[in-house]
J.: 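Here you go, one structure.
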Protein chains: 2
Amino acid sequence: MPTILIVDDEEDIRELISVTLMRREDYKLIEATDGLSALAIAREERPDVILLDLMLPAMDGLTVFRNLREDARTKAIPVIMLTARGRLEEKLTGLELGADDYMAKPFSPKELTLRVRNLLRRTNRNAHSSVIVSGPFSLDKNSLKLLLDGDAIDLTSTEFKLLLSMIESPGITQERGDLLKKVWGYSDLIQTRTLDTHIKRLREKLGPYGNSIETVRGSGYRFLEE
Amino acid sequence: MPTILIVDDEEDIRELISVTLMRREDYKLIEATDGLSALAIAREERPDVILLDLMLPAMDGLTVFRNLREDARTKAIPVIMLTARGRLEEKLTGLELGADDYMAKPFSPKELTLRVRNLLRRTNRNAHSSVIVSGPFSLDKNSLKLLLDGDAIDLTSTEFKLLLSMIESPGITQERGDLLKKVWGYSDLIQTRTLDTHIKRLREKLGPYGNSIETVRGSGYRFLEE
DNA sequence: CGCTCCTGTGACAAATTCGTAACCCGGTGA
DNA sequence: TCACCGGGTTACGAATTTGTCACAGGAGCG
């Protein structure tokens with residue numbers, strides 16, 4: 001579920017945006033009423049999109065934006081700037097600074113929704129959507145890496161495939177034959193200890209989290225659901 | 001140098017856009033006057049951005065857009081839709097379909113430039129920059145030079161190409177076959193030690209940073225992500 | 001033309017991975 | 001109680017993959 005940070009000092013605007021977005025999509029919304037708290041929240045929460053009003057008390061929106069772009073933690077977060085209609089110079093300054101989008105109030109609720117959605121899609125299109133996260137596990141199909149609680153774990157090619165096969169269907173028991181087919185390409189019921197050997201090796205490498213892989217006696221194995 | 005496809009049947013619009021963009025940035029511009037040729041060009045040239053007028057003869061812009069999004073070759077190309085002012089329904093339909101941006105004519109030339117620029121930045125962080133920086137590495141595509149912690153390292157042509165191929169996708173494991181294709185143009189699975197030999201030579205020249213190139217056994221190689 | 005450098009090839013060494021087979025243990029059913 | 005089944009474990013050797021090296025041919029330069 002994407003997280004959206006709404007930065008506006010006017011409560012009715014925040015309310016309007018909040019209602020608009022929640023009516024049409026399933027987002028987690030966070031609100032900030034001033035620049036400083038917006039920056040703190042952005043750094044802490046790493047929202048997927050920021051809706052940033054330019055007319056803020058104390059620290060104005062453009063300054064907030066500059067700060068966002070200067071901080072490695074927040075520089076990649078897409079930002080939609082909001083402000084009063086007709087302020088072309090302001091608009092251009094925002095775009096000059098690298099804003100992802102710009103909308104003038106009052107905006108069409110549907111347009112806002114669509115722009116947020118498209119921005120999320122565009123961002124996800126370029127992101128490592130190949131990463132599967134489950135509890136402390138983070139499995140990246142692009143880099144063929146496993147991170148466990150943030151620590152890299154060396155897996156062999158077969159181990160990676162096996163873990164991937166299991167983590168893709170958490171909570172689902174996979175028959176031994178299915179796993180043998182998926183990972184090794186065995187198409188018939190054959191008698192082999194290969195799967196068990198690799199399960200053991202995998203469990204060893206996973207240390208305490210090795211018990212995330214559960215044995216279903218008489219059937220196969222199952223990756224613990226989060 | 002990014003490629004921009006301008007799709008508009010009106011010559012003065014194409015001219016305006018062309019002049020606007022060329023005045024401010026170094027782009028390769030391609031023009032199309034109708035939907036069919038736009039699609040053909042997009043598939044062949046894979047532009048970095050498409051400026052798509054919605055009022056086209058024969059095949060309208062929305063249909064062109066749908067086709068772009070349905071084709072794996074073009075679905076990832078960012079599209080800015082252009083049309084007459086005030087057509088909110090049309091605007092929403094475009095955004096509904098997933099357009100990356102929407103501008104109403106007449107548009108501010110500067111705004112157009114900025115939106116194109118920002119879109120390019122978001123989708124290709126390094127595409128229009130000739131210098132790729134990653135940690136201590138600074139690779140200049142124009143001078144074919146590598147700086148490592150500020151010190152120039154002599155690379156042969158092949159070594160440079162190989163390092164560039166890897167550094168362009170940090171953290172991504174690239175199959176041996178893919179690297180052989182990219183750097184040597186080999187198109188089939190062949191048995192060769194060439195890649196490994198060059199990897200070894202590259203690692204030697206990189207000294208302590210040679211371990212930025214990681215071996216992914218059974219797959220290929222990966223440049224360490226920053 | 002001679003020299004130097006670059007490049008790719010093929011042979012061999014080193015390292016790693018993998019699968020097998022034997023053995024063990026616990027649970028279940030007759 | 002006993003036999004059997006299924007999964008856990010271990011050790012070993014084979015297979016595969018990657019690293020390394022030396023050499024030869026080609027390209028480029030003076």
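Numbers restart at 1 for each chain; the letters A, B, ... are given by sequence-line order, proteins then strands. Quick note: numbers below take in every heavy atom, side chains included, and nothing from hydrogens, waters or symmetry partners. In this text the structure is predicted, and so the values were computed from the model without any measurement.
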J.: Evaluate the side-chain proximity of Leu82(B) to Phe107(B): yes if any heavy-atom separation is below 4.5 Å, no if none is.
T.: yes

J.: Identify the residue among Leu36(B), Val79(B), Leu56(B) that makes a side chain to side chain contact (heavy atoms under 4.5 Å, CB included) with Val64(B).
T.: Leu56(B)

J.: Who passes salt bridge (Lys or Arg N to Asp or Glu O under 4.0 Å) against Asp101(A), sequence neighbours left out?
T.: Arg115(A), Arg115(B)

J.: Enumerate all atom pairs, one protein N or O and one N or O from nucleotides 26-30 of chain D, separated by less than 3.5 Å.
T.:
none

J.: Show each protein N/O and nucleotides 15-17 of chain D N/O combination with a separation under 3.5 Å, one pair to a line.
T.:
{"from": "dT16(D)", "atom 1": "O2", "to": "Arg217(B)", "atom 2": "NH2", "distance (Å)": "3.1"}
{"from": "dT17(D)", "atom 1": "O4'", "to": "Arg217(B)", "atom 2": "NH2", "distance (Å)": "3.3"}
{"from": "dT17(D)", "atom 1": "O3'", "to": "Gly218(B)", "atom 2": "N", "distance (Å)": "3.4"}
{"from": "dT17(D)", "atom 1": "O2", "to": "Arg217(B)", "atom 2": "NH1", "distance (Å)": "3.4"}
{"from": "dT17(D)", "atom 1": "O2", "to": "Arg217(B)", "atom 2": "NH2", "distance (Å)": "3.4"}

J.: Taking it one step at a time, do Asp8(B) and Leu51(B) satisfy side-chain contact (heavy atoms from CB on, under 4.5 Å)?
T.: CA-CA 8 Å; Asp8(B) 205 299; Leu51(B) 298 177; over 6 Å; no

J.: How would you list, by chain and number, every residue that makes a salt bridge (Lys or Arg N to Asp or Glu O under 4.0 Å) with Asp149(A), sequence neighbours excluded?
T.: none

J.: Quick check: on DNA chain C, is the nucleotide nearest Thr156(A) upstream (toward 5') of the one nearest Thr192(B), or the reverse? Name the residue that is more 5'.
T.: Thr192(B)

J.: Quick one: which of Leu162(B), Leu164(B), Leu146(B) gives a side chain to side chain contact (heavy atoms under 4.5 Å, CB included) with Leu155(B)?
T.: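 Result for side chain to side chain contact (heavy atoms under 4.5 Å, CB included) with Leu155(B): Leu146(B).
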
J.: Identify, with sequence neighbours excluded, every residue that meets side chain to side chain contact (heavy atoms under 4.5 Å, CB included) alongside Leu144(B).
T.: Phe160(B)

J.: Bend angle of the helix from dC1(C)-dG30(D) to dA30(C)-dT1(D) from five-pair axes at both ends, rounded to 10°?
T.: 20°

J.: Only distances under 3.5 Å count here; give the side-chain donor-acceptor pairs of residues 196-205 of chain B to other protein atoms, sequence neighbours excluded, each with its distance to 0.1 Å.
T.:
{"from": "Asp196(B)", "atom 1": "OD1", "to": "Arg176(B)", "atom 2": "NH1", "distance (Å)": "2.9"}
{"from": "Asp196(B)", "atom 1": "OD1", "to": "Arg176(B)", "atom 2": "NH2", "distance (Å)": "3.4"}
{"from": "Asp196(B)", "atom 1": "OD1", "to": "Tyr221(B)", "atom 2": "OH", "distance (Å)": "2.8"}
{"from": "Asp196(B)", "atom 1": "OD2", "to": "Arg176(B)", "atom 2": "NH2", "distance (Å)": "2.7"}
{"from": "Asp196(B)", "atom 1": "OD2", "to": "Arg193(B)", "atom 2": "NH1", "distance (Å)": "3.2"}
{"from": "Asp196(B)", "atom 1": "OD2", "to": "Arg193(B)", "atom 2": "NH2", "distance (Å)": "3.4"}
{"from": "Thr197(B)", "atom 1": "OG1", "to": "Arg193(B)", "atom 2": "O", "distance (Å)": "2.9"}
{"from": "His198(B)", "atom 1": "ND1", "to": "Thr194(B)", "atom 2": "O", "distance (Å)": "2.9"}
{"from": "Lys200(B)", "atom 1": "NZ", "to": "Glu204(B)", "atom 2": "OE2", "distance (Å)": "2.8"}
{"from": "Arg203(B)", "atom 1": "NE", "to": "Ile213(B)", "atom 2": "O", "distance (Å)": "3.3"}
{"from": "Arg203(B)", "atom 1": "NH2", "to": "Ile213(B)", "atom 2": "O", "distance (Å)": "2.8"}
{"from": "Arg203(B)", "atom 1": "NH2", "to": "Thr215(B)", "atom 2": "OG1", "distance (Å)": "2.8"}
{"from": "Lys205(B)", "atom 1": "NZ", "to": "Asp154(B)", "atom 2": "O", "distance (Å)": "3.2"}
{"from": "Lys205(B)", "atom 1": "NZ", "to": "Glu159(B)", "atom 2": "OE1", "distance (Å)": "2.8"}

J.: Along DNA chain C, 5' to 3', what are the outermost nucleotides having an atom less than 4.0 Å from a heavy atom of chain A?
T.: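 Nucleotide range with atoms under 4.0 Å of chain A: dT17(C) to dG26(C).
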
J.: Just do the side-chain contact (heavy atoms from CB on, under 4.5 Å) check on Trp184(A) and Leu195(A) with the steps written out, would you?
T.: CA-CA 9 Å; Trp184(A) 283 273; Leu195(A) 173 57; 3.8 Å; yes

J.: Applying a 4.0 Å non-hydrogen cut-off, can you work out what Thr215(A) is touching in the nucleic acid: base, sugar-phosphate, or nothing?
T.: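 Counting heavy atoms under 4.0 Å across all strands, the contact made by Thr215(A) is with sugar-phosphate only.
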
J.: Using a cut-off of less than 4.0 Å, is there contact between a side-chain N or O of Tyr221(A) and OP1 or OP2 of dG8(D)?
T.: yes

J.: Partners of Lys181(B) by salt bridge (Lys or Arg N to Asp or Glu O under 4.0 Å), sequence neighbours excluded?
T.: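 Salt bridge (Lys or Arg N to Asp or Glu O under 4.0 Å) list for Lys181(B), sorted by chain: empty.
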
J.: Suppose we screen for salt bridge (Lys or Arg N to Asp or Glu O under 4.0 Å). Which residues come up paired with Glu175(B), at least two apart in sequence or across chains?
T.: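 So Glu175(B) forms no salt bridge (Lys or Arg N to Asp or Glu O under 4.0 Å) with any residue.
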
J.: Looking at residues at least two apart in the chain, or sitting in another chain, which of them share a ring-ring contact (aromatic ring centres under 6.0 Å, His included) with Phe223(A)?
T.: Phe137(A)

J.: Heavy atoms, side chains only, cut-off 4.5 Å: are Val7(A) and Ile50(A) in contact?
T.: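 SC-SC contact between Val7(A) and Ile50(A) confirmed.
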
J.: Considering only heavy atoms, which members of residues 200-208 of chain A lie under 4.0 Å from some atom of DNA chain C?
T.: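 The answer is Arg201(A).
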
J.: Counting the atoms with a prime plus P, OP1 and OP2 as sugar-phosphate, which does Thr194(A) contact under 4.0 Å by heavy atoms, base, sugar-phosphate, or nothing?
T.: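 Answer is base: heavy atoms of Thr194(A) come under 4.0 Å of a base.
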
J.: List the atom of Pro47(B), the atom of Ile41(B), and the distance in Å for their closest heavy-atom pair.
T.: CD-O, 4.5 Å

J.: Can you find a pair of side-chain heavy atoms, one from Glu168(B) and one from Lys141(B), that are under 4.5 Å apart?
T.: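 Yes, close enough: below the 4.5 Å cut-off.
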
